[in-house]
Amino acid sequence: MHETLEAVQMSSRKVVDGDLKVYLALSSLFLVMVLGKFSQIFAVVIFSVLCVYADRKAYIRIIRVPAFFLLGALVVVLLTIDGKALVGFWIFRITEESIETAISVLLRSTASLSVLSFLIMTTSIPEFITALSKLRIPKFIVEMLMLIYRTIQILFEEISKLDTAASSRLGYHGFRNMVRTASLLAFSAFMKSLKRSEIMEEALESRCYSGCYPLLQSRSRGAGISASIITAIVLAGWWLG
């Protein structure tokens with residue numbers, strides 16, 4: 001059975017929990033952007049360990065696709081930046097500058113990917129929005145985020161049902177049938193999503209919704225670990241960098 005992202009977020013093991021994990025991830029992401037390569041190396045190691053501890057199999061699934069695109073980007077960087085040529089073949093050259101740039105891009109991207117993977121694996125969208133709301137973000141933005149999240153869930157749910165129904169009726173058998181089924185599925189998904197959205201609006205009104213969406217409240221833990229991680233990243237970038 002395919003495990004959803006929400007199931008991973010609920011079942012993953014967390015050494016840092018509550019709003020604190022969101023602030024830890026956002027702070028670490030900012031630090032790896034502004035500090036040197038040693039802080040990025042430390043961030044890769046620390047957050048990779050946290051992700052493996054949380055759910056090793058899910059971590060591999062999450063980073064697989066971004067890693068593929070990152071590899072392609074590194075190849076482009078290696079072959080397109082001018083400078084002192086080290087290796088050349090046909091019209092392509094690998095230069096000292098391209099190698100330095102590729103290493104910089106690799107470290108920064110890998111560090112950012114590790115931090116975001118930790119955030120994705122341990123934090124649901126409602127938890128993330130709740131943490132943001134405590135940073136004095138305007139309430140209407142928080143409400144829009146919650147409603148958009150719920151609407152996207154409805155859209156995916158309807159598409160999944162329609163796709164299963166089409167597959168069970170051999171709707172994708174042959175190119176002609178596939179194109180016809182895809183067009184019908186898109187139209188049906190749009191109409192059903194509008195209907196479900198109207199039902200959701202009626203449900204909110206029946207519960208006296210006044211523009212203030214209830215937010216998930218959870219207790220934070222792991223303050224010592226969070227402080228140690230931030231300190232390690234800062235010191236690595238300051239002293240070693």
Side-chain angles (χ1 to χ4, degrees), residues 3 5-6 8-9 12-16 20-89 92-125 127-129 131-132 135 145 152 222 225-241:
E3 188 178 26
L5 180 58
E6 287 79 7
V8 172
Q9 292 167 344
S12 60
R13 294 179 292 181
K14 307 172 182 67
V15 295
V16 180
L20 191 59
K21 61 189 174 186
V22 177
Y23 304 144
L24 170 63
L26 295 179
S27 301
S28 301
L29 188 62
F30 172 76
L31 291 175
V32 298
M33 290 292 103
V34 300
L35 296 179
K37 59 182 179 181
F38 290 105
S39 65
Q40 295 162 2
I41 294 173
F42 267 68
V44 171
V45 173
I46 292 171
F47 283 96
S48 294
V49 170
L50 291 177
C51 289
V52 170
Y53 174 78
D55 192 327
R56 176 174 57 86
K57 293 182 179 180
Y59 178 50
I60 294 175
R61 292 201 306 269
I62 289 173
I63 67 171
R64 185 167 52 192
V65 174
F68 175 78
F69 283 99
L70 177 59
L71 180 62
L74 291 176
V75 173
V76 173
V77 170
L78 280 173
L79 299 178
T80 56
I81 295 181
D82 293 329
K84 183 180 179 181
L86 298 177
V87 179
F89 53 96
F92 302 107
R93 292 185 303 168
I94 298 179
T95 65
E96 293 181 356
E97 289 77 4
S98 67
I99 292 177
E100 292 178 0
T101 304
I103 293 175
S104 176
V105 170
L106 175 63
L107 289 176
R108 185 167 297 179
S109 301
T110 307
S112 302
L113 180 59
S114 300
V115 175
L116 290 176
S117 297
F118 166 77
L119 181 62
I120 291 170
M121 291 176 57
T122 60
T123 310
S124 64
I125 295 297
E127 288 178 317
F128 181 74
I129 295 175
L132 291 183
L135 298 178
L145 289 174
I152 291 174
I225 296 176
S226 300
S228 300
I229 292 173
I230 295 297
T231 302
I233 294 175
V234 171
L235 292 180
W238 184 26
W239 283 357
L240 300 179

Report task. Name all residues meeting the side chain to side chain contact (heavy atoms under 4.5 Å, CB included) criterion together with Ser226; count only those two or more places apart in sequence or in a different chain, and write none if there are none. Result -> Val16, Leu20, Leu24
Less than 3.5 Å apart, which donor and acceptor atoms pair up between the side chains of residues 66-77 and the rest of the protein, not counting sequence neighbours?
none

Report task. Would you give the length of the straight line joining atom OG of Ser114 to atom CD1 of Ile63, rounded to the nearest 0.5 angstrom? Result -> 7.5 Å
**Report entry** Pairs touching residues 96-124 that satisfy ring-ring contact (aromatic ring centres under 6.0 Å, His included), sequence neighbours left out
**Finding:** Phe47-Phe118
Query raised in the report: Okay, side chain of Tyr23, backbone of Ala131: is any donor-acceptor separation there less than 3.5 Å?
Result: yes
**Report entry** Stepwise side chain to side chain contact (heavy atoms under 4.5 Å, CB included) check, Met121 with Asp55
**Finding:** CA-CA 8 Å; Met121 291 176 57; Asp55 192 327; 3.7 Å; yes
Requested in this report: Rounded to the nearest 0.5 Å, what's the gap from OG1 on Thr122 to NZ on Lys14? Could you check?
Outcome: 6.5 Å
Query raised in the report: How many angstroms lie between atom OG of Ser12 and atom CD1 of Ile120, to the nearest 0.5 angstrom?
Result: 12.0 Å
Requested in this report: List in chain and number order the residues that pass side chain to side chain contact (heavy atoms under 4.5 Å, CB included) with Arg64, two or more places apart in sequence or in another chain; answer none if no residue qualifies.
Outcome: Arg61
Query raised in the report: Do Ile46 and Ile225 touch side chain to side chain, with heavy atoms closer than 4.5 Å?
Result: no
Result block: side-chain N/O donor-acceptor pairs under 3.5 angstrom for residues 229-236, not counting sequence neighbours:
residue	atom	partner	partner atom	Å
Thr231	OG1	Ala227	O	2.7

Requested in this report: For Ile125, enumerate each residue passing the side chain to side chain contact (heavy atoms under 4.5 Å, CB included) test, keeping only those at least two apart in sequence or located in another chain.
Outcome: Ile129, Tyr149
Report task. Can you sort out the partners of Tyr53 under side chain to side chain contact (heavy atoms under 4.5 Å, CB included), two or more places apart, ordered by chain and number? Result -> Arg13, Val15
Could you list the donor-acceptor pairs under 3.5 angstrom formed between side-chain atoms of residues 101-111 and any protein atom two or more places apart in sequence or on another chain?
residue	atom	partner	partner atom	Å
Thr101	OG1	Glu97	O	2.8
Ser109	OG	Val105	O	2.7
Thr110	OG1	Leu106	O	2.5

Query raised in the report: If every non-hydrogen atom of Phe128 is compared with every non-hydrogen atom of Thr123, which pair is closest and at what distance?
Result: N-CG2, 3.7 Å
Query raised in the report: How many angstroms lie between atom CG of Leu113 and atom CD1 of Ile62, to the nearest 0.5 angstrom?
Result: 9.5 Å
